Amino acid sequence: MNQAHPTGDFDGLAALVTGGASGIGAAIAALLRDRGARVAVLDRDPAGAPAGTLPVKADVTSDEAIRNGVAEVVAEFGALHTVVGNAGIGAIGTVEDNSDEEWRRVLDVNVLGLVRTARAALPHLRAAAAERPGAVSITHTCSIAATAGLPQRAAYSASKGAVLALTLAMAADHVRDGIRVNCVNPGTVDTPWVGRLLGRAADPAAERAALEARQPTGRLVSADEVAAAVAYLAGPAAAAVTGTALAVDGGMQGL
Ligand code: NAI
């Protein structure tokens with residue numbers, strides 16, 4: 001049991017976090033590790049995987065790479081209980097701005113990446129659920145873009161709307177397998193992703209202030225705050241929670 005998190009509510013569990021080498025995914029991987037899980041980080045660039053996690057290099061656009069990655073994790077940990085589908089990319093523009101190719105790229109990573117991850121993991125999750133009822137889950141990092149109309153984010157919002165619907169459909173399909181499926185809907189989170197966005201802005205300070213003002217709390221969400229929500233949804237306290245989208249958005253959607 002880790003001293004920093006004496007609850008150790010993930011003790012004995014094995015977790016896989018996609019896109020876990022940066023930002024929100026890295027915060028999730030570190031928190032699950034601190035709560036007692038053995039954690040694998042599947043990322044196309046796993047160099048930033050938190051210390052004490054197992055880095056697995058794979059791109060979620062490759063079915064074969066994900067299958068091999070999941071097999072590697074199960075071989076190392078002996079089981080898989082917790083899957084966090086978090087890898088994602090952005091796209092800026094209206095429907096007039098993005099090409100079919102750009103649309104396909106965003107949907108391939110953000111939606112099909114989750115489908116491929118689940119397809120590879122489900123046989124192992126089903127087996128784990130039989131042994132640890134209530135402890136097995138899939139959690140997706142969706143976005144408030146799934147439910148709020150954001151300007152200049154047509155392809156990204158469509159991809160996250162699909163993630164929300166996918167989450168609900170998977171929750172229905174796998175509830176009898178003992179596998180819970182939920183998602184978090186973050187507002188704007190202070191991660192390297194947003195740093196890159198601000199770096200490209202004409203006036204980064206003004207752009208940051210606009211992003212902060214968009215959220216009623218007047219600040220960006222932290223990656224740790226999103227990780228805490230994911231750990232709740234994936235953990236034993238949420239054993240009765242499936243098919244839920246939990247907004248962590250500074251009140252953006254609800255107020
Ligand atoms: P980030 O860019 O800091 O981290 C994303 C990670 O995913 C990186 O480690 C990257 O290497 C990995 N990745 C990207 N494409 C991949 C692929 N094809 N295969 C394997 N790994 C891949 O981004 P951030 O901000 O941590 O975002 C993580 C998730 O959170 C994404 O799904 C994003 O849509 C979602 N999100 C982010 C928000 C934000 O404001 N930062 C708000 C709402 C949702």
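Bear in mind that the values here come from a model prediction, so they are computed numbers and not experimental data. For the numbers below, each heavy atom of this structure counts, side chains included, while hydrogens, waters and symmetry mates do not. Whatever order the structure lists them in is the order used to number ligands and atoms, beginning at 1.
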Can you tell if the side chain of T18 reaches within under 4.5 Å of the side chain of V41, non-hydrogen atoms only?
no

How close does the nearest protein non-hydrogen atom get to atom 44 (C) of ligand 1, and which residue and atom is it?
C142 O, 3.2 Å

How long is the straight-line distance from OG1 of T167 back to NE2 of H140, given to the nearest 0.5 Å?
5.0 Å

Please confirm whether G20 comes under 4.0 Å of ligand 1, counting heavy atoms of the residue only.
no

contact_flag A58 ligand 1 heavy-atom lt 4.0 Å:
yes

Compute the shortest N/O to N/O distance between L42 and ligand 1 and return yes if it is under 3.5 Å, no if not.
no

Quick check: closest heavy atoms across R126 and D177, and the distance to 0.1 Å?
NE-OD2, 3.2 Å

Shortest protein heavy-atom distance from atom 9 (O) of ligand 1, along with the residue and atom involved
D43 OD2, 2.6 Å

Select the closest option to atom 43 (C) of ligand 1 among A223, P186, C183, judged by heavy-atom distance.
P186

Mind checking whether Q215 and T188 have side chains closer than 4.5 Å, heavy atoms only?
yes

Residue part near ligand 1, for D59, under 4.0 Å between non-hydrogen atoms
both

Test side-chain hydrogen bond (donor to acceptor under 3.5 Å, both in side chains) applied to D97 and T94, step by step
CA-CA 5 Å; D97 299 323; T94 70; 3.1 Å; yes

E131, CD atom: more than 12 neighbouring heavy atoms under 6.0 Å
no

Which residue and non-hydrogen atom of the protein lie closest to atom 2 (O) of ligand 1, and at what distance in Å?
R196 NH2, 2.8 Å

Identity of the nearest option to atom 24 (P) of ligand 1, non-hydrogen atoms only, from T191, V184, V248, I144:
T191

Any heavy atom of N110 under 4.0 Å from ligand 1? The part involved is neither

What atoms in ligand 1 come closer than 4.0 Å to a heavy atom of V194?
40 (O), 41 (N)

Ligand 1 atoms in contact with Y156 (distance to a heavy atom under 4.0 Å)
33 (C), 34 (O), 35 (C), 36 (N), 43 (C), 44 (C)

Nearest to atom 1 (P) of ligand 1, what protein heavy atom do you find, and at what distance?
S22 OG, 3.6 Å

Evaluate whether atom CZ of R104 has more than 12 neighbouring non-hydrogen atoms of other residues, nucleotides or ligands under 6.0 angstrom away.
no

N98 side chain to E102 main-chain N or O, any donor-acceptor pair under 3.5 Å?
no

Does G90 reach ligand 1, in the sense of a heavy atom lying below 4.0 Å from it?
no

Note the single closest protein heavy atom to atom 31 (C) of ligand 1, along with its residue, its atom name and the distance in Å.
N86 O, 3.3 Å

Between L220, V163, V60, flag the one that comes closest to atom 19 (N) of ligand 1 by a heavy atom.
V60

Atom indices of ligand 1, in the order listed, that fall short of 4.0 Å to a heavy atom of G23:
3 (O), 26 (O)

May I ask you to identify the nearest protein heavy atom to atom 6 (C) of ligand 1, giving residue, atom name and distance to one decimal place in Å?
G19 O, 3.6 Å

Please find the pair of heavy atoms, one from A91 and one from R153, that lie closest to each other, and give the distance.
O-CD, 3.9 Å

Residue, atom name and distance, where the atom is the protein heavy atom closest to atom 20 (C) of ligand 1
R44 N, 3.2 Å

Would a distance-only check, ignoring hydrogens and angles, find a side-chain to backbone donor-acceptor pair under 3.5 Å from D59 to S62?
no

Quick one: nearest non-hydrogen protein atom to atom 33 (C) of ligand 1, plus distance?
W193 CZ3, 3.4 Å

Is the backbone of V106 close enough, under 3.5 Å, to the side chain of S159 for a donor and an acceptor to pair up by distance?
no

Take D224 and S222, measure what side-chain hydrogen bond (donor to acceptor under 3.5 Å, both in side chains) needs, and give me the verdict at the end.
CA-CA 5 Å; D224 287 340; S222 75; 5.2 Å; no

Closer than 3.5 angstrom, by distance alone: can the side chain of D43 be matched with the main-chain N or O of D45 as a donor-acceptor pair?
yes

Thinking salt bridges, do R67 and E72 make one under a 4.0 Å N-O criterion?
no

Heteroatom distance test (S143, ligand 1): nitrogen or oxygen, under 3.5 angstrom
no

Heavy-atom proximity to atom 38 (C) of ligand 1, picking from G187, G195, S62, points to G187

Below a 4.0 angstrom heavy-atom separation, can you tell me which part of A145, side chain or backbone, both or neither, approaches ligand 1?
neither

For ligand 1 and V189, I'd like to know whether there is a polar contact (N/O to N/O, distance under 3.5 Å).
yes

